[in-house]
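These figures come from a predicted structure and were not determined experimentally.
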Amino acid sequence: MDNKQIEKAADEYVMLHFIDDSNVVLNDPFPEAQATYTRAFIAGADFALSHQWVSVEERLPEEGQEVLLYDVNSIRLYVIGWRRKRGDNKSMWALSNGFVEDKDITHWLPIPPLKGGEYGM
């Protein structure tokens, strides 16, 4: 879903909340409320989309960015790891306790910041 689709969905959502019983859009005196609903909808959609599993075939995280990895061949399916810098002659992925074969990682998930905006490490 791209930004234009999110904005269109936000507009549609807001219109559902600002139409009276006779299908007349209530523009006055509610423009500030409409803008607030729109901003809140877009912020919620952005948050939801940024906290979903991403296929490694779709895109990869930034080099060095710690992410949650889905490892199809591990006893523990979920591990914290990061993508190595290019030029390493080992696998693409590194873990705090070793490495994993590239073919075993199928998805990754950004680690959200803790309250206050700081990341875990």
Atom pair CG (Asp104) and CG (Leu69), whose distance is rounded to the nearest 0.5 Å:
11.0 Å

If I compare all heavy atoms of Trp53 with all of Leu68, which pair ends up nearest, and what's the gap?
CZ3-O, 3.6 Å

So does Glu57 have more than 12 non-hydrogen atoms from other groups sitting under 6.0 Å from CD?
no

Short question: side chain of Arg83, backbone of Pro61 - any donor-acceptor pair under 3.5 Å?
yes

Roughly how far, to the nearest 0.5 Å, is the CG atom of Leu60 from the OG atom of Ser55?
9.0 Å

Please evaluate residues Lys8 and Asp11 with respect to the criterion side-chain contact (heavy atoms from CB on, under 4.5 Å), reporting the C-alpha separation (whole Å), side-chain torsions for both, the decisive distance (0.1 Å), and the verdict.
CA-CA 5 Å; Lys8 181 179 182 222; Asp11 289 342; 5.6 Å; no

Test His107 against Val54 for side-chain contact (heavy atoms from CB on, under 4.5 Å), laying out the working first.
CA-CA 5 Å; His107 291 76; Val54 179; over 6 Å; no

Heavy atoms only: give me the nearest Ile42-Ala10 pair and the separation to one decimal.
CG1-CB, 3.9 Å

For the atom pair CH2 (Trp82) and CD1 (Ile111), what is the distance rounded to the nearest 0.5 Å?
10.5 Å

Run Trp108 and Val56 through side-chain contact (heavy atoms from CB on, under 4.5 Å) and show every step you take.
CA-CA 7 Å; Trp108 62 276; Val56 296; 3.9 Å; yes

Would you find more than 12 non-hydrogen atoms of other residues, nucleotides or ligands less than 6.0 Å from Glu62 atom CD?
no

Once rounded to the nearest 0.5 Å, what's the spacing between atom CD1 of Ile80 and atom CG of Leu109?
9.5 Å

